[in-house]
Protein chains: 2
Amino acid sequence: MSKVEPARLFSALGDATRLSMLSRLSDGCTLSIVQLGDGLAISRQGVAKHLDVLHGAGLVDRRKSGREVHYALRREAIEAARTWLDEVNSQWDGTLARLKAFVEDGDG
Amino acid sequence: MSKVEPARLFSALGDATRLSMLSRLSDGCTLSIVQLGDGLAISRQGVAKHLDVLHGAGLVDRRKSGREVHYALRREAIEAARTWLDEVNSQWDGTLARLKAFVEDGDG
DNA sequence: CATATAGGCAACCTCCTGGGTGCCTATATG
DNA sequence: CATATAGGCACCCAGGAGGTTGCCTATATG
């Protein structure tokens, strides 16, 4: 799973329920399915499916402990998503910089 | 549309076709529907639908010019997505920093 | 051992999404 | 003016996503 596809990553992030789960994990804690679904108004199975999506996208780690399964945020995935966005921004910046240089060179 | 919801934003980003469109716009250029669909192996209507999604999420600006409609990347939206990811990361960082301080205080 | 709790599996349902087509309007252009 | 081109609108279709329920296994615990 070294190569994380951006589309899958963003797709997994594209759901408010999953974002709230990730927020809950964002302090580095590790939570079970029941804990993650607490207060979410959807069934335990619904929660499990969301976690499958997050795990499939590489956004969370899954670790079995006794009869529980604990989930933790995978920071690399968050950074992979950020990297994609950064590339878009830097390309924009690069173009503006080149444009600025061109204008200044020709005009000034 | 000042308030961009992260879920909708990421959802719009969660498609390889749309990501490629955004990449094509990432240098700040402005392209028509036909231009954006060039080489994409989907119909013009398919392209238009993807652009509707991107526009609905606030990721692109739409500007009519003659008989064409030109699309341009909205950088604010990209930054909004980055901000969400940054918040997750910073919360993690904060927790690790506090943990580190606690350990060093108690142990050293 | 009996029971409660955490989770998995599979079936099912509904709605959205990604894709298409056909036909319409509007703008360029010979 | 006739024609070509850019888009829009409406409808259609198949498949996936989000959600549920029922029933199963596995681990704790009185």
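Below, chain A is the first sequence line, B the second, and so on; all start at residue 1.
Without hydrogens or angle criteria, B/Ser26 side chain to B/Ser23 main chain gives a donor-acceptor distance under 3.5 Å. For A/Arg74 (side chain) and A/Gly58 (main-chain N/O), a donor-acceptor pair under 3.5 Å exists by modelled atom type. With hydrogens and angles ignored, the 3.5 Å screen pairs a side-chain donor or acceptor of B/Arg18 with a backbone N or O of B/Ala12. In terms of modelled atom types and a separation under 3.5 Å, the side chain of B/Gln35 and the main chain of B/Ser32 share a donor-acceptor contact.
Below 30°, between 30° and 60°, or above 60°: for A/Phe10 and B/Phe10 the angle between ring planes is below 30°, a parallel geometry.
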Given the rule in the salt bridge (charged side-chain N to carboxylate O under 4.0 Å, His left out) test, do B/Arg62 and B/Asp52 qualify, once you have shown the distances and angles that lead to the verdict? CA-CA 10 Å; B/Arg62 166 187 272 158; B/Asp52 277 344; 2.5 Å; yes

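Residue contacts for A/Gly66: at a heavy-atom cut-off of 4.0 Å it reaches the sugar-phosphate backbone alone, with no base atom in range.
The CG atom of B/Asp61 sits 9.0 Å away from the CG atom of B/Leu73 when rounded to the nearest 0.5 Å. From B/Tyr71, atom OH reaches atom CG of B/Leu51 across 5.0 Å, with rounding to the nearest 0.5 Å.
Of the residues in residues 13-34 of chain A, A/Ser32, A/Ile33, A/Val34 come within less than 4.0 Å of DNA chain C through at least one heavy atom, sorted by number.
Two different hydrophobic clusters hold B/Val53 and B/Leu40 under the rule that ILVMFWY side chains link at heavy-atom gaps under 4.5 Å. Linking ILVMFWY side-chain heavy atoms closer than 4.5 Å, directly or via other members, places B/Ile42 and B/Leu54 in a single hydrophobic cluster. Side-chain heavy atoms closer than 4.5 Å link hydrophobic residues (I, L, V, M, F, W, Y) into clusters, and following such links, possibly through other members, connects A/Leu85 to B/Leu59.
Scored by the salt bridge (charged side-chain N to carboxylate O under 4.0 Å, His left out) test, A/Arg75 finds B/Asp93 as partners (sequence neighbours excluded). Remark: B/Arg44 engages no residue in a salt bridge (charged side-chain N to carboxylate O under 4.0 Å, His left out) (not counting sequence neighbours).
The residue among B/Arg62 and A/Gly46 whose nearest nucleotide of DNA chain D is located toward the 5' end is B/Arg62. Position along DNA chain D of the nearest nucleotide to A/Ala41 versus A/Glu68 favours A/Ala41 as the more 5'-ward residue.
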Please tabulate, one pair per line, each protein N/O and nucleotide N/O from nucleotides 9-12 of chain D that are separated by under 3.5 Å, including the distance.
unit_1, atom_1, unit_2, atom_2, d
D/dC9, N4, B/Gln45, OE1, 2.9
D/dC9, N4, B/Gln45, NE2, 2.8

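Close approach of DNA chain C to chain B, defined as any atom under 4.0 Å from a non-hydrogen atom of the protein, starts and stops at C/dG18 to C/dA28.
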Writing each nucleotide of DNA chain C 5' to 3' as (, ), [, ], | or . by Watson-Crick or G-U pairing under 3.5 Å yields ||||||||||||||||||||||||||||||

